Structure formats: structure tokens, C-alpha cells
Amino acid sequence: MSQLLAEEKKRITPKRPRDYVTWAVAIAIVAGLVWTAVTNENYRWPVVFSYFTTQSILNGLLITLVLTAVSMALSTLLGLVLAVMRMSHQRPVSGLAQIYIAFFRGTPVLVQLIFWFNIAALYPHISIGIPFTDISTPVNVNAIMTPLTAAVVGLTLNQAAYMSEIIRGGFASVPRGQHEAAESLGMSGFTKLRRVIIPQTMPSVVPATGNQVIGMLKETSLVSVLGVADLLNSAQSIYARNYQTIPLLIVASLWYLIMTLVLSVPQSMIERRFSRSTRRTRQTPAATSAEPVAGQPVPATRESLL
């Protein structure tokens, strides 16, 4: 049997009177909220249950999930590129990444979504072709920038700024010796990134990415202002006809809550797995022998990945 680490052993603490008091207060608050929700007829629970699984709500739920998956996948790839650029020793490259991150983190997501939806007002027609030649193809921006396209572009570009900082934090957690070992083996920048750096960043990047997925799921509700038939927009379309505003908002809220709870389960499992592997790595003699002596300053370095 593997020996348990000190931080993995269960702590046993004696119960005190204030523990029972806090439990009683918490139970009373929850019971009061449940009682109010059940007895208040203005919630109109029969209406909530009747619309909970209607086809339009389920279609909106599917679009919300697709938006979340596509935007997170694209933003993760773009965030990886931005993180590599951000840590480059080439000042123009790192400067461009910093400008991108500062812009998209400093402006509201809703403003960005509306901007991309109306980008045709600035560039109604663009040409894609080979520079300094007559080979080009005109593109009608107003035709391709549909509400769904604008939603994917806006969510992806905004989320990529946050994902780049998460990935950059993971890169910074890799010891400098790993960079030097990869370079001593003659690895190229891309090979070092793929074979050495990225695998070691996973314990710190994956849990934070799980939080971003949940955040992205809720941010997709903003695309309703563009007319995308997501979950919130589907609920709004229904209560615009029957004026059952509160019941339909409850339907949308319950579905968001269910999806968040479902996503939280694998996130917690992944966090526990990577936290265990990280703690065991820190307890190995090879890891502890490389730790600096108490009081010895640790040099602040930034390793270029390319």
C-alpha cells in the first residue's frame, strides 16, 4: 500500500457548540428559502415545468453547448500562441501579444460582441489574395458575419486573452533546468514546447481551464443580444409572446445551473488528480534536492519558448 502524505490524512477535530449553531442557522436559511419558493404562487412552477423541456428550449441549450465547446477550443489554441509570443525574447513579438491581451481584457465582452457583429460598417468588403499581385478574392463581410459567426469570433478572441495568461503561468511553473536539459539535447523550440514544456504545465493549466469553461458557458448568454437562438434567447422569445417572464427566466437559470454542476464534477476530479501528482512530485528527493536554500534569492528569469 502506498504511504499517505501528511496533507492527505484526514483531520479529526472535536465538535464545538458553535459548530452546531452554524449548522442550525444554515439549515434555517435554506429551509426558509425553499419554503418561500414553494409557497409563493408568483413563481408559477407549473409553467416552469411545462416549458422546461420544450423543443425551442432544448434547441437553445444545444446551441449554447456548441458555442461553449467551439469558442473554448479555438481560444485555447489562440491562447497557446499568444502565451508563446508573450514569453518570447523578441520585443516586437512579445509587445504585440501584450497589446492584444491588454485590449481584449480591458474592454467588456458585450461591447466586443456588438462590435464584431457590426464590423461590416467599417469593412463592408475585403479582398483575400497574394500581396503585390492581381490574384485576390472579394469577400462580402456583411454576408459572412452572421450573428452566430460574430458570437464565435467575439467569445474566442476575448477568451484567448485570459487563456494566454493561464498558459503563461503554467509555462512559468516549469523549472529552468527543464529548458536547459531540452536545449542540451538539441531540441528545437517547437519540439521543446511539445515534448517537455506543455506536459509539465498541465497540473497548473487544466484546473484553471476548467473554471474558464464554466465561465464561458455562462458568458454565452450575452450572445442573445445579437439574435443568436441560444438558451437565454429562446426563453426570451417565448416570454415575449406569453408574458411569462419570471417562469421562463427560471427555466433558463435552472438549465445553466444544471450544466454548471455537470461540468463541475469532472473539473473537481481533474483538480484532485493533478493536485495529488503535484504534491507527490514535491515530496520526491529529486525535487527537494533542487530547492534553494532558505534565504537564498531565486533569480527571476523568463525562458523563451521559441
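Since this is a predicted model, take the numbers as computed values, not measurements.
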Partners meeting ring pair (Phe, Tyr, Trp, His ring centres under 6.0 Å) with Trp116 (sequence neighbours left out):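 By the ring pair (Phe, Tyr, Trp, His ring centres under 6.0 Å) rule, Trp116 matches no residue at all.
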My understanding is that only residues two or more places apart in sequence, or in another chain, count here; which of them pass side chain to side chain donor-acceptor pair (under 3.5 Å) with [X]?
X	answer
Thr146	Thr149
Asp19	none
Ser264	none
Tyr51	Asn242

Arg44: partners by salt bridge (charged side-chain N to carboxylate O under 4.0 Å, His left out), with sequence neighbours left out: none
If a pair satisfies ring-ring contact (aromatic ring centres under 6.0 Å, His included) and one of its residues is in residues 216-273, list it, with sequence neighbours excluded. Phe52-Trp255
Side chain to side chain donor-acceptor pair (under 3.5 Å) partners of residues 61-74, not counting sequence neighbours, each pair once: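 Of all non-adjacent pairs touching residues 61-74, none passes side chain to side chain donor-acceptor pair (under 3.5 Å).
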Any pair counted as side chain to side chain donor-acceptor pair (under 3.5 Å), so long as it reaches residues 28-43, sequence neighbours left out: Asn40-Asn42
Non-hydrogen atoms of Leu155 and Glu219 that approach each other most closely: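 Closest heavy-atom pair between Leu155 and Glu219: CD2-O, 4.3 Å.
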Connected-component partners of Val38 among ILVMFWY, side-chain separation under 4.5 Å: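 Reading the cluster by chain and number, Val38 sits alongside Val30, Val34.
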Hey, what else clusters with Ile29 if you join Ile, Leu, Val, Met, Phe, Trp, Tyr whenever side-chain heavy atoms sit under 4.5 Å? Val21, Val25, Leu33
Please tell me if the side chains of Val251 and Leu231 come closer than 4.5 Å, counting only heavy atoms from C-beta onward.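 No - every pair of side-chain heavy atoms lies 4.5 Å or more apart.
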Which residues satisfy the side chain to side chain contact (heavy atoms under 4.5 Å, CB included) test with Ala160, sequence neighbours excluded? Ser75, Leu78, Leu82, Tyr100
